[in-house]
Amino acid sequence: MAKLQPVKGTRDLFGKEGRAQHHVINMAARVSRSYGYDRIDTPMFEQVEVFNRPLGETSDVVTKEMFDFQTKGGDHVVLRPENTAGVVRAIISNGLTHDLPGRYFYAGPQFRYERPQAGRYRQFTQIGVELVGPEQPAADVDVIACGWQILADLGLTEHITVHLNTLGDTDSRNAYRSELVAYFQDHRDRLSEDSLTRLEKNPLRILDSKDEGDRALLPAAPKFVDHLNALSQDHYAAVKAGLDNLGLPYQHDDNLVRGFDYYCHTAFEFITTQLGAQGTVLGGGRYDGLAKLLGGPDMAGVGWAAGVDRLAMLLGSAPVDQAPIAVVPLGAEAETRAQRLVFEMRAAGLLVDMNYSGNMKKRLTRANKVQAATAIIIGEDEIAAGVALVRDMEDGAQREVALDQLVAELSA
RNA sequence: GCGACUGUAGCUCAGCUGGUUAGAGCACCGGUUUGUGGUACCGGGGGUCGUGGGUUCGAGCCCCAUCAGUCGCCCCA
């Protein structure tokens, strides 16, 4: 039992869980397509440089959570811990900066070397969209609306609240940061140990600390919204007005901070209370400086990433697809005829289940197990008469249908 | 990286203060039913009790270590 297991923090996906994940991805692909997003698939690993500057040299992801290794050629590469930096790198690499605005949708595995727990894995799947080029607040609204619509179509919005905040532009953020640091310096004696290190590395992080002592200091702490310059203020106001216009619910959250250095202005998280400590199901924001950090041209952008594993957990199970039709041949001659029939049925788009052995009882048991709605029974008598028995698996009613009309009848 | 809890069959779990051949339900296979499933009844296969060491006449149960899982912190999807 302890022998052949997947690597820590990874898992095999199949059956119910696997189907739920694919349903999430398919839904996201469909909805994002209606918003005009084009699918993009970037490599699962990149040069380290793609991540350490944009995410922040001192961020946890960079300092301790990267799955990185040396290639035989001596390159230092890393399994992507998130996908935004990779997409922006791809946009620069392929000269797509000359084709703006760009709308990209992705879905795929991401990797983070951290301690697994509820809703957290070392290999996990994210879906996400990136809208690059436009600086207008309408783009932020567009992106948030797309995320909301995906969750709505999955039937998950009633358990989810949208938290919204602004991080302002660089000037606003620097001004705010120094005031915040000053405030916490005055209260260092009351800060938790974790927050004391945050005060050095990333003071904004103290805002979303879970420590009660830290939280007690927050109400009196300086607020980001009070330190925005005119430009940042206008941007945030326009985003909120845009969401109001669409009737999308959200709540302003002074303590919402995002982990990566590349964020500015709008930041948002879609949060549920149903997943234990890992309630953030979708998160994102604006990242106007990212392209430049990567050595590309100035390019604005907004986007989000959502955790497929977490969404699938909320979903519980995927809706069942069409019920299969079970084909039950009896005898060698019927078997041969049935194989041809099954081939034709499948060509007509029907979902068919047929086994290679077993008597009628076994085959019907199997039909029952795969939840077939109907069974097609073909024995020697039926072959001789040129018909098949069509059995309703619900009530057991059977009727005869001519073999050469079967496909047409079942497809109707 | 830190902390708490858990580890018995494919799955969910029982196993009294250590006592002899380790149990149940579900699932799986077969039978009652030679061309009729989902119900019922009968039977069957399947376990180095996570691993290694120790205590003991004797360990699934107690002790130590180790590995794995779960949950929480940090951080994030």
Side-chain angles (χ1 to χ4, degrees), chain A residues 1-11 15 21 24 55-56 58-66 80-84 107-128 147 192-198 201-202 205-206 208-211 214 256-260 269-272 275-284 304-314 326 328-331 334 358-383 389 391-398:
Chain A
M1 181 125 159
K3 293 216 166 129
L4 252 190
Q5 293 301 310
V7 172
K8 184 198 269 289
T10 69
R11 60 201 181 130
Q21 292 219 6
V24 169
L55 301 189
T58 60
S59 72
D60 273 47
V61 168
V62 168
T63 55
K64 65 175 196 188
E65 292 173 2
M66 295 210 293
R80 60 185 187 196
E82 57 93 58
N83 221 149
T84 299
Q110 317 292 336
F111 307 84
R112 251 118 92 167
Y113 192 85
E114 31 178 12
R115 202 70 200 272
Q117 59 183 264
R120 168 184 299 168
Y121 305 94
R122 286 186 170 182
Q123 176 177 334
F124 57 105
T125 304
Q126 283 187 335
I127 49 176
S192 69
E193 206 175 312
D194 281 332
S195 284
L196 284 174
T197 59
R198 282 191 272 239
K201 284 170 53 182
N202 193 349
R205 276 263 152 252
I206 300 175
D208 66 354
S209 169
K210 286 174 189 166
D211 182 87
D214 292 345
L256 173 61
V257 193
R258 303 252 64 221
F260 304 140
E269 287 188 7
F270 290 22
I271 298 174
T272 177
L275 286 180
Q278 267 65 240
T280 301
V281 115
L282 179 152
W304 52 253
V308 173
D309 305 80
R310 291 179 186 178
L311 290 173
M313 275 190 253
L314 285 179
V328 178
L330 299 161
N359 57 22
M360 188 172 206
K361 180 189 165 83
K362 277 187 194 161
R363 287 171 188 262
L364 281 176
T365 302
R366 159 83 187 176
N368 204 55
K369 204 179 113 185
V370 298
Q371 298 184 59
T374 55
I376 309 300
I377 300 167
I378 309 170
E380 283 167 25
D381 300 347
E382 284 74 26
I383 294 278
L389 290 179
R391 178 183 178 83
D392 185 317
M393 292 300 285
E394 280 299 315
D395 57 18
Q398 295 186 171

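Only heavy atoms go into these numbers, but all of them, side chains included; no hydrogens, no water, no symmetry mates. Every chain is numbered from 1, with letters handed out A, B, ... down the list of sequences.
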Tell me what G128(A) touches on the nucleic acid: a base, only sugar-phosphate, or nothing, going by heavy atoms under 4.0 Å. nothing
Given Watson-Crick and G-U pairs under 3.5 Å, RNA chain B in dot-bracket ([ ] crossing, | other strand) is (((((((..((((.....[...)))).(((((.......))))).....(((((..]....))))))))))))....
Is any side-chain heavy atom of T272(A) closer than 4.5 Å to one of R310(A)? no
Measure the spacing between CG of L330(A) and CG of L389(A) and express it to the nearest 0.5 Å. 9.5 Å
Taking the C1' atom in each of U48(B) and G52(B), what is the distance between them to the nearest angstrom? 13 Å
Across the strands shown, which category fits G331(A) at heavy-atom distances under 4.0 angstrom: base, sugar-phosphate, nothing? nothing
For T280(A) and E269(A), which I'm curious about, is there any donor-acceptor pair between the side chains at under 3.5 Å? yes
Provide the closest heavy-atom pair for G396(A) versus R391(A) in the form atom of the first, atom of the second, distance. O-NH1, 3.4 Å
State which residues pass salt bridge (Lys or Arg N to Asp or Glu O under 4.0 Å) with R11(A); sequence neighbours excluded, sorted by chain then number. E17(A), D309(A)
d(CE, M393(A); C1', U39(B)) in whole Å: 14 Å
Once side-chain contact (heavy atoms from CB on, under 4.5 Å) is applied, do any residues pair with R122(A), and if so which ones, sequence neighbours excluded? K8(A), F67(A), Y113(A), P116(A)
Where along residues 364-374 of chain A does a heavy atom come under 4.0 Å from RNA chain B, residue by residue in number order? L364(A), T365(A), N368(A), K369(A)
How close or far is atom P of G30(B) from atom NZ of K361(A), stated in whole angstroms? 9 Å
Students often get this wrong, so: under 4.0 angstrom with heavy atoms, is Q398(A) touching a base, only sugar-phosphate, or nothing? base
Atom-pair distance (CG on N83(A); C1' on A77(B)), nearest Å: 12 Å
Need one value for L311(A): base, sugar-phosphate or nothing, where a base atom within 4.0 Å counts as base even if backbone is also close, heavy atoms only. nothing
With respect to the phosphate group of C71(B), does any side-chain polar atom (N or O) of Q117(A) fall under 4.0 Å of OP1 or OP2? no
Between A68(B) and G31(B), how far apart are the P atoms? Round to whole Å, please. 45 Å
Measure from the side chain of E65(A), starting at C-beta and using heavy atoms only, and say which of U36(B), C75(B), C71(B) lies closest. C75(B)
Using the P atom in both, what is the distance from A22(B) to G60(B), to the nearest Å? 10 Å
Nearest whole Å is fine: how far is U34(B) P from D381(A) CG? 17 Å
What nucleotide, of G30(B), U36(B), A77(B), holds the atom closest to the side chain of R391(A)? U36(B)
Interatomic distance, I376(A) CD1 vs G35(B) P [rounded to whole Å]: 19 Å
Q371(A) atom CD, over 12 foreign heavy atoms within 6.0 Å: no
Specify the separation, in whole Å, of atom CD of Q126(A) and atom C1' of A77(B). 5 Å
Atom pair distance, as rounded to whole Å: CE in M313(A) and P in A77(B): 15 Å
Looking at residues at least two apart in the chain, or sitting in another chain, which of them share a side chain to side chain donor-acceptor pair (under 3.5 Å) with E82(A)? Y262(A)
For E382(A), all residues meeting salt bridge (Lys or Arg N to Asp or Glu O under 4.0 Å), sequence neighbours excluded: none
Return the set of residues passing salt bridge (Lys or Arg N to Asp or Glu O under 4.0 Å) with R120(A) (not counting sequence neighbours), or none when no residue passes. E114(A)
Which protein N or O atoms sit under 3.5 Å from an N or O of nucleotides 1-6 of chain B?
{"residue": "C2(B)", "atom": "N4", "partner": "R115(A)", "partner atom": "NH1", "Å": "2.8"}

Using a 4.0 Å heavy-atom cut-off, does E82(A) contact any base of the nucleic acid, only the sugar-phosphate backbone, or nothing at all? nothing
Please report the distance separating the C1' of C16(B) from the corresponding atom of G23(B), rounded so that it comes out in whole Å. 14 Å
Between U20(B) and C2(B), how far apart are the P atoms? Round to whole Å, please. 41 Å
Please name all residues satisfying salt bridge (Lys or Arg N to Asp or Glu O under 4.0 Å) with R366(A), sequence neighbours left out, ordered by chain then number. D353(A)
Taking side-chain contact (heavy atoms from CB on, under 4.5 Å) as the test, write out the residues that go with A306(A), two or more places apart. I127(A), L282(A), W304(A), L311(A)
Between Y121(A) and I378(A), which residue's closest nucleotide on RNA chain B lies nearer the 5′ terminus? I378(A)
By nearest-nucleotide position on RNA chain B, the 5'-leaning member of D395(A) and E269(A) is D395(A)
Span that lies between the P atom of A4(B) and that of G47(B), in whole angstrom: 36 Å
Taking atom C1' in both C49(B) and U33(B), what distance in whole Å separates the two? 40 Å
Mind checking the C1' distance from G43(B) to A59(B)? Whole angstroms is fine. 34 Å
Calculate the interatomic distance between K8(A) atom NZ and C67(B) atom P; express it in whole Å. 9 Å
Looking at residues at least two apart in the chain, or sitting in another chain, which of them share a side-chain contact (heavy atoms from CB on, under 4.5 Å) with E380(A)? none
The side-chain contact (heavy atoms from CB on, under 4.5 Å) partners of D381(A) (sequence neighbours excluded) come to none
